[in-house]
Every structure is written in structure tokens, then in C-alpha cells.
Number of protein chains: 2
Amino acid sequence: MSADTDISPTADGILEAITRVFAEKGYEGVRVSELAAAAQVNKATLYYQIGDKETLYHRVLERLLRRAADEVAGAVADAGDCESKIRRFIAILARNTGNLRFTAPIMLREVAAGGGNLPDAALLQMSRLLGMLGEALDEGVAAGSLRPVNGFLVHMMIVATLMLYSSNEPIRRRVAELNPGLAPENLFLSSEALADQVADLVLSSIRT
Amino acid sequence: MSADTDISPTADGILEAITRVFAEKGYEGVRVSELAAAAQVNKATLYYQIGDKETLYHRVLERLLRRAADEVAGAVADAGDCESKIRRFIAILARNTGNLRFTAPIMLREVAAGGGNLPDAALLQMSRLLGMLGEALDEGVAAGSLRPVNGFLVHMMIVATLMLYSSNEPIRRRVAELNPGLAPENLFLSSEALADQVADLVLSSIRT
DNA sequence: GTATGGTTTAACCTTTTGGTTGAATTATTT
DNA sequence: AAATAATTCAACCAAAAGGTTAAACCATAC
């Protein structure tokens, strides 16, 4: 069922290695030879183990989104009230480490491209995320602590803010240089501070 | 000073035409011959009138961001209180027409790429936008109607939400197909409704 | 009309691209 | 240890890429 499980260790190592390259340069910006070099493998091995450039990319996408959704699901599962569910949801997505680090740039490019390269498997994982937040919001509404809002838009707001923020650090640096008046403590947040501030803003906008 | 003003009408026509192509395919995804075809001009004319592929892209970026910032500045200038300034700020950026239509995908890709291709001129226009919102927020805080928050984060939140929403329509469509339970009226908003809902959420999160 | 300047173009060149292949290597089975 | 199957690789290839150029074109001035 899962495309990961019946995959050879070599193939998974390749996917692990090339994820970073796709994240940094984007599908069109990457040369197959770079992928091979990153995976420390001959170009032909990529084709033998996985497939052509497009297939490589699809596999990377699926793997990445499944892991992201799994991580969030794990964190949200054992949270108490709806507010802490939402906070954990945000906290995980704000964390910019491991494989999650590459999710944002890849997804930003996918969105920009109209999602033409997003396989259904990847969309399903996005829907999982959407569902988790939706449940937390519904729970809050039922409990009377949250007002009913457009859950999809709130989801978009959270994900968009976190993805853009995680990815635009180099741009922020330049903006800060160009505008010495800007307070650096507002521009450069640790992922924890980012999560807290985003959660505060979001929650105070949807509380009753 | 402005790179636009001393440009020949031919060159500006080229920039106008190729903006769409860059927006749809991204820098690496575009072939110079496609750009020439889109501008209905020979490939060599691009080089004669403007320059190589990278220069073309830089010019497109500058032009696009300057126009976006100008539009927002115009709308915000003659607004009354800070809330209506913020609402207009959001309304203009939510509008997905004309040149503004291409800003979102291009900027998303730029962010994903770490802004390596963003010329300072383009960053300056982004700073202008940031400044406009910052002023409105400060005004509200001074008047006691808004609480002090991280203005940069609020800016990110607004821009990120609007850019992602404008660009991910095709993905939303597929998500809606995959999840028939989702209410379509939440997923598919007119740009006016989007602006209203985003403004409502943002304002209710920063009001005193 | 024709000389002059800027402008456009078809054809061309070099390098790089994604993709392939048959031989070599390694692992597995008997 | 011989035979067979799975895997990796260096070398190769056709197509496509970005970029250049010399000739043609066209407006204006004389």
C-alpha cells in the first residue's frame, strides 16, 4: 500500500538524499546528475532504483508529506483540549528540522506551479492535516470556547504563514539590512517563538 | 532612477508579455524561446532590448513589485482610520487581476529559492508594503484601538495567506474532489470575500 | 532616392540536458 | 565454487538549451 514500505533501502536512501536538492533548487532547477551526486550514486542507479526525474520527484513529495502529516498526527493525538491541539499543530509545522525542513520550499513551488506535480497521495496527506485542524476547531465550537469560522481559511492562514516564514529567512535578513529601523527581535523568531506568536494570533482571532 | 521610465515601449511590451510566462513556469522552467514566442518577437530581440534570461527575470520582478506596491499605496493613502487602511491593504493584495495576478506565484517561487534572484529594487518595494501596514498598526496602537503586536508577523500572515490562497486554486479544486465532505463555500471565495474574511480574522486578533 | 542609424531576424554554435546501454561488479542460490 | 540473478557504473547519445551573428529591414534625414 504505502510506497515507502516496499521500497529497497537503497531507494529510500536516495529519496532521503535528493529531497534536499529538490527543496533547494526546485524540479526544473535540478539536474539529474546533481541528484545522483547528492545520493552518491551513479545516474543510472536512480533510474534502476526509482525511475526518471519526474518519478523521483513524485516519490519525494509523497514521502515528505506523509511524514509531515504523521508527525502532526502524533503530536495532536495526545493533546488535551482543542486549544492545545491547535497549538501543537502549529508547533510541529513551525519546527524547521529534519525532513520537515524541506516541506515548505517544495510545497511553495508546487503551489506556484498549480500543483500539477502533486500526486493524489500527496494531496491525501494534505487533507489529513486539514482534517486534524478541522476536528480541533469543531471541538472548540462544540465546547463553546471557539466561535465558528471558516476552518479552511484558518488552516490556510496557519500553513501559509509558517511555510513562508520558514522559507524566507534569507529575504528577511536582506530586508533587515535595508531597513535598519526594523526591530530584529520581531523579524527573527526561533521556531518556538514563531509557533507561540502565530498560535496567539490565530487563537485570539477565533476565541468566543 | 526608475528602471521602467527610460525603457522603450518595445521593451515594456516584452516585459508585460513575458511576466505571465515566468509566473506560470518559473525561472528555470521557462525556455528563452518561449519568452520570445510570448512576446511575439525574435529571441535575439530579447537580448537586444533587455538582456539575457536573468536580466529579463529581474526586470519582470522589479516591475511587478513596484506596481503592486504602488497600487496598495494608492488605496491605503486615502483611507480613514487604521482599520480601513488595513482592510484596503488586504483588499488590494487579495485582488487577483492584472499584473497583481502574477505576483503571488513569482514571489512564492522566489521565497522557496531563498530570494537569490530578488534584486534590491524588488526588496525595497516589499519594504514599502511592510512600512504601510506598520504605519496603520502603529496608528491603531496610538489610538488605543489595536493592541501592540509583532507587526512583521502580521504582515507575513496577511501576505502569506493571500498569496497562497490566490495561487492554490487548482489544488483546492482537487482537495475538494477528494474530500466531498468539505463545504465548497468555505473553499472557494471570491477575492472580495477572501479579503473580508482575512481582514475579519486579522483584525479580531489584534483589536484591544 | 539614398545614406544612415537603430532594430529585427533566421540561421548557427557550443554546452548541457535527460536518458540509455552493455559491460562489470556484487550478492544469492544451488 | 559455479551459476544465476540483482545491482551499479562509465561511456555514450540525441535533443534541447542559452546565447551569438551577419545579413536584412525600416524609419528618418538629407
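Each chain gets a letter, A, B and so on, in the order its sequence line appears, and its residues count up from 1. The figures that follow rest on heavy atoms only: side chains count, while hydrogens, waters and symmetry mates do not.
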d(CG, B:Leu46; P, C:dT9) in whole Å: 10 Å
Interatomic distance, A:Leu35 CG vs C:dT17 P [rounded to whole Å]: 12 Å
To the nearest 0.5 angstrom, please state how far the CD1 atom of B:Ile171 sits from the CG atom of A:Leu123. 6.5 Å
Nearest non-hydrogen partners of A:Arg172 and A:Leu187, listed with the distance: NH1-O, 2.9 Å
Counting only side-chain nitrogens and oxygens, does A:Thr45 get under 4.0 Å of the OP1 or OP2 atom of D:dC9? yes
Listing request: all ring-ring contact (aromatic ring centres under 6.0 Å, His included) pairs with a residue in residues 50-69 of chain A, at least two apart in sequence or in separate chains. A:Phe22-A:Tyr57, A:Tyr27-A:Tyr57
To the nearest angstrom, the CD-C1' distance between A:Gln49 and D:dA6 comes to 10 Å
Per-nt protein contacts along nucleotides 17-22 of chain D (heavy atom under 4.0 Å; B base, S backbone sugar-phosphate only, - none) come out as SBBBB-
Heavy atoms only: give me the nearest B:Pro170-A:Gly114 pair and the separation to one decimal. CB-O, 3.5 Å
Work out which heavy atom in A:Ala195 is nearest to a heavy atom in A:Ala94; give both atom names and the distance. CB-CB, 3.8 Å
Whole angstroms only, please: what is the OH-C1' distance between A:Tyr48 and D:dC9? 13 Å
Heavy-atom pair with the smallest gap, counting every atom of A:Ile92 and A:Leu100: O-CD2, 3.9 Å
